[in-house]
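What follows is a single structure, written as structure tokens, with notes after it.
So that the names make sense, note that chain A is the first sequence line, chain B the second, and so on, each numbered from 1.
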Amino acid sequence: KAGVTQTPRYLIKTRGQQVTLSCSPISGHRSVSWYQQTPGQGLQFLFEYFSETQRNKGNFPGRFSGRQFSNSRSEMNVSTLELGDSALYLCASSSRGQDSYEQYFGPGTRLTVT
Amino acid sequence: GQSLEQPSEVTAVEGAIVQINCTYQTSGFYGLSWYQQHDGGAPTFLSYNGLDGLEETGRFSSFLSRSDSYGYLLLQELQMKDSASYFCAVIGAGKSTFGDGTTLTVKP
């Protein structure tokens with residue numbers, strides 16, 4: 001089974017721009033969760049999509065949004081980028097969602113905002 | 001809400017045993033998962049405790065005490081490749097909350 005893939009792997013953007021990140025889950029998994037990880041910090045939960053519906057949302061501003069397509073692929077969008085948005089963005093897929101004890105993580109997209 | 005505490009850093013020597021503790025405050029608790037993340041890599045699942053007691057998987061074991069809201073990950077016969085960050089995660093109803101991670105450094 002192919003693992004979770006994320007594109008692009010690295011991205012450099014300028015403050016004020018917007019960015020779209022993509023995540024393809026493991027085949028058959030209907031849940032995709034997004035996390036932000038900054039140096040020395042844990043994984044901060046952004047949101048979870050299950051069968052094209054946002055099921056859970058973390059404490060992030062409205063500049064962070066996402067969606068999921070019928071093939072379970074998910075995109076995350078950040079508008080009006082700020083320097084503090086520089087981070088590793090991870091997506092994780094599972095069959096059940098956020099209450100799955102095992103989530104499968106992609107390699108992440110490292111976003112640098114200058 | 002949910003909160004977790006784990007030590008930020010632990011150092012041990014090759015061949016030793018190390019224990020990484022995790023205490024949590026939460027409602028709607030299902031269990032505790034542990035993940036390993038090497039520098040620059042993706043977190044990978046290590047272990048899960050849904051019931052009190054010890055779960056053993058090779059050199060790694062994980063323990064949970066629901067009454068104490070406490071768990072730990074035990075790594076035995078440490079190897080250099082075990083140098084990584086280790087995260088505990090509280091699994092609840094419709095939500096997983098990760099700790100800030102413990103950086104384990106294994107020295108020769």
Side-chain angles (χ1 to χ4, degrees), chain A residues 1-7 9-10 21 23-26 29-51 53-60 87-110 112, chain B residues 1-10 20 22-24 26-51 55 57 60 62 64 66 71 73 84-105:
Chain A
K1 233 184 214 185
V4 179
T5 58
Q6 291 187 246
T7 57
R9 292 293 312 281
Y10 302 91
L21 313 181
C23 172
S24 291
I26 289 173
H29 284 183
R30 292 159 67 187
S31 167
V32 173
S33 296
W34 288 90
Y35 297 87
Q36 181 195 65
Q37 185 176 34
T38 49
Q41 297 297 307
L43 285 70
Q44 304 298 313
F45 173 68
L46 282 153
F47 30 66
E48 182 216 354
Y49 285 86
F50 188 93
S51 295
T53 300
Q54 186 181 86
R55 206 157 64 162
N56 287 295
K57 193 176 190 304
N59 297 324
F60 278 81
L88 179 67
Y89 290 88
L90 293 159
C91 78
S93 79
S94 66
S95 55
R96 284 178 48 186
Q98 275 285 298
D99 55 9
S100 290
Y101 65 83
E102 181 176 4
Q103 295 186 57
Y104 297 82
F105 285 84
T109 295
R110 185 163 298 281
T112 302
Chain B
Q2 294 172 309
S3 67
L4 294 92
E5 283 192 22
Q6 53 180 128
S8 57
E9 293 181 351
V10 173
I20 299 173
C22 176
T23 58
Y24 59 88
T26 186
S27 56
F29 177 82
Y30 285 178
L32 197 69
S33 288
W34 289 91
Y35 287 80
Q36 178 193 60
Q37 184 180 29
H38 284 99
D39 198 27
T44 56
F45 172 79
L46 285 177
S47 184
Y48 173 73
N49 294 78
L51 301 172
E55 292 286 339
T57 310
F60 294 0
S62 59
L64 175 66
R66 286 172 173 263
L73 180 69
S85 291
Y86 293 84
F87 296 89
C88 59
V90 164
I91 312 303
K95 192 173 170 109
S96 294
T97 303
F98 286 77
D100 288 344
T102 298
T103 300
L104 170 64
T105 302

Short side-chain to backbone donor-acceptor contact, B:S47 and B:W34, under 3.5 Å: no
With A:W34 via side-chain hydrogen bond (donor to acceptor under 3.5 Å, both in side chains) - residues at least two apart: A:S74
Got a second to check how far B:F87's CZ is from B:Q36's CD, nearest 0.5 Å? 11.0 Å
Toward chain B, the part of [X] with a non-hydrogen atom under 4.5 Å:
| X | result |
| --- | --- |
| A:Y104 | neither |
| A:Q103 | both |
| A:L90 | side chain |

Is chain A contacted by the side chain of B:Q6, its backbone, both, or neither, given a heavy-atom distance below 4.5 Å? neither
Taking side chain as C-beta onward, heavy atoms only, is B:L46 less than 4.5 Å from B:L73? yes
Are the aromatic rings of B:F45 and A:Y101 close, with centres under 6.0 Å apart? yes
Contact leader toward chain A among B:S8, B:P43, B:S33, B:G101, where contacts are heavy-atom pairs under 4.5 Å: B:P43
Max heavy-atom pairs within cutoff under 4.5 Å with chain A, candidates B:A89, B:S85, B:S96, B:G50, goes to B:S96
